[in-house]
Amino acid sequence: MMLIPTHHFRDIERKPEYLQPEKCVPPPYPGPVGTMWFIRDSCGIACAIVTWFLVLYAEFVVLFVMLIPSRDYVYSIINGIVFNLLAFLALASHCRAMLTDPGAVPKGNATKEFIESLQLKPGQVVYKCPKCCSIKPDRAHHCSVCKRCIRKMDHHCPWVNNCVGENNQKYFVLFTMYIALISLHALIMVGFHFLHCFEEDWTKCSSFSPPTTVILLILLCFEALLFLIFTSVMFGTQVHSICTDETGIEQLKKEERRWAKKTKWMNMKAVFGHPFSLGWASPFATPDQGKADPYQYVV
């Protein structure tokens with residue numbers, strides 16, 4: 001089977017007969033400004049629920065199996081505060097990544113009136129998405145799950161039930177980072193708890209029976225190890241993607257670079273905000289990215 005290069009489809013999209021603006025009409029009932037973004041995908045919703053369940057399970061084991069029964073109150077308080085803070089930030093980042101518009105292009109805007117309003121100069125071209133009938137900017141891709149074109153779409157992640165794009169990549173990176181940190185923290189605490197129980201009487205190192213304690217700790221250890229590996233890889237991949245200013249889809253499709261090359265530090269600030277501050281690590285701080293006009297459709 002012969003593979004057709006990506007630029008071939010772009011050339012087709014540029015042809016006037018392909019745009020067919022008369023066949024595009026805006027959505028009959030556009031959502032009000034400020035409407036919460038949420039993807040109604042059963043698989044994504046299930047994955048998001050599983051994510052919360054696994055974090056809460058780790059919370060239960062850490063608190064009620066390891067920390068609360070411990071006689072070392074300083075150890076319990078310090079580790080309890082650290083673990084709960086990281087878990088809270090992880091879940092907050094998950095919510096922001098899931099409920100933030102990733103950079104959706106207005107649906108059904110490929111109308112004749114809208115194209116005329118762009119006041120294109122001779123030789124300038126626009127791209128139309130035939131699936132959501134929108135005029136999309138450069139570096140935007142259509143997501144079959146979100147059913148929208150997303151600016152700087154990196155990938156669709158079922159674990160956050162959303163695309164990772166221009167507006168929510170920061171929250172996704174923080175989510176992977178905090179999950180990796182609580183996984184590492186849980187593994188360390190499980191190791192210390194096993195050593196403590198081997199030295200002491202098993203009946204005194206937990207409020208549960210020894211078999212139940214062992215099962216709960218082994219399940220937590222397996223979960224933490226699995227997610228530590230997975231989220232660490234995702235975190236590293238995302239940071240590399242940000243530094244190179246090339247999304248996962250662009251790397252996969254080997255798309256030709258048509259945008260200006262910037263330093264790694266500038267690329268980081270474009271995602272996490274200007275200037276560098278503690279807000280970079282906070283899922284509650286919306287980054288001031290200083291983005292260009294999202295309707296720059298001209299190539």
Side-chain angles (χ1 to χ4, degrees), residues 27 30-60 83-107 132 140-183 223-224 226-239 241-242 247-249 270-273 279-289 291 294:
V33 177
T35 301
M36 184 178 69
W37 178 271
F38 183 76
I39 303 301
R40 293 174 178 84
D41 175 57
S42 56
C43 177
I45 294 173
C47 288
I49 293 174
V50 169
T51 300
W52 275 68
F53 171 78
L54 292 174
V55 173
L56 294 178
Y57 170 77
E59 184 82 19
F60 168 78
F83 187 86
N84 279 279
L85 178 61
L86 293 176
F88 172 74
L89 291 173
L91 293 178
S93 300
H94 183 271
C95 286
R96 291 301 301 270
M98 180 171 59
L99 302 178
T100 299
D101 181 344
V105 178
K107 194 174 184 178
C132 60
H141 295 86
H142 185 86
C143 174
S144 59
V145 180
C146 297
K147 296 179 175 59
R148 299 287 291 273
C149 283
I150 307 297
R151 295 192 300 270
K152 291 185 69 175
M153 175 183 168
D154 187 86
H155 68 287
H156 184 92
C157 179
W159 295 105
V160 298
N161 188 35
N162 202 0
C163 275
V164 177
E166 185 177 72
N167 293 343
N168 68 342
Q169 190 172 25
K170 169 192 172 178
Y171 310 125
F172 181 75
V173 172
L174 292 181
F175 168 66
T176 58
M177 181 183 73
Y178 287 126
I179 290 293
L181 289 176
I182 64 173
S183 299
E223 173 196 341
L226 182 65
F227 278 91
L228 174 61
I229 296 173
F230 176 72
T231 54
S232 295
V233 171
M234 285 301 301
F235 175 77
T237 302
Q238 286 296 300
V239 171
S241 177
I242 293 171
T247 66
I249 291 181
V271 172
F272 291 93
W280 280 29
S282 171
F284 303 102
T286 302
D288 179 14
Q289 299 166 322
K291 296 177 292 189

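In this structure, CZ on Phe175 lies 15.0 Å from CZ on Arg96, to the nearest 0.5 angstrom. Note that CE of Met234 and OG1 of Thr237 are 6.0 Å apart. Values are rounded to the nearest 0.5 Å. One distance of note links CD1 of Ile242 with CZ of Phe272; it measures 4.5 Å at 0.5 Å rounding. To the nearest 0.5 angstrom, Thr51 atom OG1 is 4.5 Å from His94 atom NE2. Atom-to-atom distance recorded for Cys43:SG and His156:NE2 is 8.0 Å, nearest 0.5 angstrom. Atom CG of Leu181 and atom CZ of Phe83 lie 11.0 Å apart (nearest 0.5 Å).
Annotation: Phe53, atom CZ; neighbour count of heavy atoms from other residues, nucleotides and ligands within 6.0 Å does not exceed 12.
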- Task: Dump the intermediate steps for side chain to side chain contact (heavy atoms under 4.5 Å, CB included) on Leu85 and Tyr178, then the final yes or no.
- Result: CA-CA 10 Å; Leu85 178 61; Tyr178 287 126; over 6 Å; no

- Which is it for Asn168 and Trp37 under the side-chain hydrogen bond (donor to acceptor under 3.5 Å, both in side chains) test, yes or no, and what are the steps along the way? CA-CA 11 Å; Asn168 68 342; Trp37 178 271; over 6 Å; no

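Within the 3.5 Å criterion, the main-chain N or O of Ala285 finds a donor-acceptor partner in the side chain of Lys170. Put simply, the side chain of Ser93 gets close to the backbone of Leu89: a donor and an acceptor are under 3.5 Å apart. Panel note: side chain Asn161, backbone Met98; no donor-acceptor pair is recorded below 3.5 Å. Between the His141 side chain and the His155 main chain, no donor and acceptor come within less than 3.5 Å of each other. Looking at Thr176, its side chain does come within 3.5 Å of a backbone N or O of Val173 through a donor-acceptor pair. Between the Arg151 side chain and the Glu166 main chain, no donor and acceptor come within less than 3.5 Å of each other. The closest donor-acceptor contact from the side chain of Asp101 to the backbone of Asn167 lies at 3.5 Å or more, if one exists at all. When atom types are taken as modelled, the side chain of Arg148 and the backbone of Val105 share a donor-acceptor pair closer than 3.5 angstrom.
In this structure, Cys95 and Trp52 approach most closely via the heavy-atom pair SG-CZ2, 3.3 Å. In plain terms, the two heavy atoms of Ile150 and Cys143 that are nearest each other are CG1-CB, 4.4 Å. Here the shortest heavy-atom pairing between Tyr171 and Pro283 reads CE2-O, 3.5 Å. Closest heavy-atom contact between Cys157 and Val164: CB-CG2, 4.4 Å. Residues Ile39 and Cys146 share a closest heavy-atom pair of CD1-SG, 3.7 Å. Considering all non-hydrogen atoms of both residues, Ala87 and Val55 come closest at CB-CG1, 4.3 Å.
Annotation: side-chain contact (heavy atoms from CB on, under 4.5 Å) contacts of Val239 (sequence neighbours excluded): Phe235, Cys243.
Side-chain contact between Thr231 and Trp159 is absent, with no heavy-atom pair separated by less than 4.5 Å.
Below 30°, between 30° and 60°, or above 60°: for Phe227 and Phe230 the angle between ring planes is above 60°, a perpendicular geometry.
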